[in-house]
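Following: one structure in structure tokens, then a few remarks.
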Amino acid sequence: MGHESINWDTLGFDYIKTDKRYLSHWRDGAWQEGTLTEDNVLHISEGSTALHYGQQCFEGLKAYRCKDGSINLFRPDQNAQRMQRSCSRLLMPHVPTEQFIEACKQVVKANEHFIPPYGSGGALYLRPFVIGVGDNIGVRTAPEFIFSIFCIPVGAYFKGGLKPNNFVISSYDRAAPNGTGAAKVGGNYAASLMPGSEAKKNSFADCIYLDPQTHSKIEEVGSANFFAITADGKFVTPKSPSVLPGITRLSLIELAQSRLGLEVVEGDVFIDKIDEFKEAGACGTAAVITPIGGISYKDKLHVFYSQTEVGPVTQRLYKELTGVQSGDVEAPAGWIVKV
Ligand code: PLP
Ligand code: COI
């Protein structure tokens, strides 16, 4: 699809083939020089570990068009570091932070026409990934790897953007207690496909997972982190070794403290105490901030601020976060990398 035929106002979160993607091979112990290519099809060995043993990880970050026409990347160093941790967990080679950020810039520049305009609410979503490839059959790390980044113009991930959505507590787990929950690896998402599909069939936006050890504490949404606001204005978010350490979550913690003057509590969020929360939300790169209207647990819908209105603290957090990302609000030092 050419960028000329995109309706920026109705963009959702769907694959669109953009012009160029970055591709680099790891062979003989080193990353080869990366190139931009028009071909969106990978040709890999049938024995690739990514296909059989889930040896792969990915990232998600966005490029934003600013009012003055410049382009912002939001905290790409954090994505680079998280991808390095995911690679370590799955015995894959690190992509150096500098190479990661340089590759992001190249992809954004090569697809500049696909960046949604300032004020449209959309952004260019970058999807970096590392996969184990090459001839292999035993359960072991791959002989070769591919690091690639492609990009897609996107709008809202959940229906309506800044509109309350209902979520349901899953009886399945997406990760094991000492498993790969904190790594951004495909296996966690494969495990979430069936629960997520069941949730959507029942008209929920997605499911929320409890801690895999005791099933008594909220961990996260299948595609975003969880936060809540208490009656006395505290920002609460789960802390657990099986939750993905989200960069949006981290940024909201910092903005809630430094800009909104909120007390932040990272810790256990017991499912049987959720009625104490005034507001709740899902946060992530794709989700941005999606207000949670209600959570269904054991066939009862626990409603937070409202099923239709967005709570005042959630609104302030949204304004601050999206303002920083698109350059309308001054960013904390180091958060914005200009393309
Ligand atoms: N949790 C899960 C399972 C996710 O897929 C994501 C999305 O990346 C997040 C949390 C939020 O992470 P981030 O804010 O870095 O996008
Ligand atoms: C993201 O927000 O970047 C995600 O990875 C969430 C989802 C699309 C898997």
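In this chain, numbering begins with 1 at the start of the sequence shown. Remember, it's 1-based here, ligands and their atoms both numbered in the order they're listed.
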message: I'd like to know if Lys234 pairs up with Glu276 as an ion pair, taking the criterion as any Lys NZ or Arg NE/NH1/NH2 lying under 4.0 Å from an Asp or Glu carboxylate oxygen.
response: no
task: Show which atoms of ligand 2 fall inside a sub-4.0 Å distance from at least one heavy-atom site of Arg127.
output: 5 (O), 8 (C)
- prompt: With a 6.0 Å cut-off on ring centres, are Phe167 and Phe226 close enough?
  reply: no
query: In the protein, which heavy atom is nearest to atom 2 (O) of ligand 2, and how far is it?
result: Ala286 N, 2.8 Å
- request: Give the atoms of ligand 2, by number and element, whose distance to some non-hydrogen atom of Phe13 is under 4.0 Å.
  value: 8 (C)
message: Suppose we measure from atom 6 (C) of ligand 2 to each protein heavy atom; which comes out shortest, and what is that distance?
response: Ser223 O, 3.5 Å
message: Test of understanding: given a 4.0 Å heavy-atom threshold, classify the contact between Gln78 and ligand 1 as side chain, backbone, both, or neither.
response: neither
message: List ligand 2 atoms under 4.0 Å from Thr285, heavy atoms only on the residue side.
response: 2 (O), 3 (O)
query: For ligand 1, is there an N or O atom under 3.5 Å from any N or O atom of Gly246?
result: no
- request: Assess Arg174 for proximity to ligand 1: is some non-hydrogen atom of it under 4.0 Å away?
  value: yes
task: Return the orientation label for the Phe304 and Phe277 ring planes: parallel under 30°, perpendicular over 60°, tilted otherwise.
output: tilted
field: Which of the ligand 2 atoms, numbered from 1, are nearer than 4.0 Å to a heavy atom of Phe58
entry: 5 (O)
field: Whether Ala287 lies under 4.0 Å from ligand 1, heavy atom
entry: no
- request: Carefully, step by step, assess Ser45 and Asp135 under the rule side-chain hydrogen bond (donor to acceptor under 3.5 Å, both in side chains).
  value: CA-CA 6 Å; Ser45 166; Asp135 296 342; 2.7 Å; yes
Option of least heavy-atom distance to atom 3 (C) of ligand 1 (set: Glu220, Arg75, Glu219): Glu220
message: Is it true that, when you exclude His215 itself, more than 12 heavy atoms of the residues, nucleotides or ligands shown sit nearer than 6.0 Å to its NE2?
response: yes
query: Would you say Asn72's side chain and Ser70's backbone share a donor-acceptor pair under 3.5 angstrom?
result: no
field: Min heavy-atom dist Gly60 to ligand 1 below 4.0 Å
entry: no
message: Does this structure show an ion pair linking Glu112 with Arg65, if we count only N-O contacts that are shorter than 4.0 Å?
response: yes
task: Might you work through the side-chain hydrogen bond (donor to acceptor under 3.5 Å, both in side chains) test for Tyr118 and Asp328, ending with a clear yes or no?
output: CA-CA 10 Å; Tyr118 168 81; Asp328 291 338; 2.9 Å; yes
message: Could you work out, for atom 1 (C) of ligand 2, the closest of Tyr157, Tyr189, Tyr125 by heavy-atom distance?
response: Tyr125
- request: Using distance alone, decide if ligand 1 has a nitrogen or oxygen within less than 3.5 Å of any nitrogen or oxygen in Arg249.
  value: no
- prompt: Using 30° and 60° as the class limits, which term best fits the ring planes of His302 and Tyr297: parallel, tilted or perpendicular?
  reply: tilted
query: Looking at atom 5 (O) of ligand 2, what's its closest protein heavy atom, distance included?
result: Lys184 NZ, 2.7 Å
- prompt: Should the proximity of Lys62 to ligand 2, defined as any heavy atom under 4.0 Å, be assigned to the side chain, the backbone, both, or neither?
  reply: neither
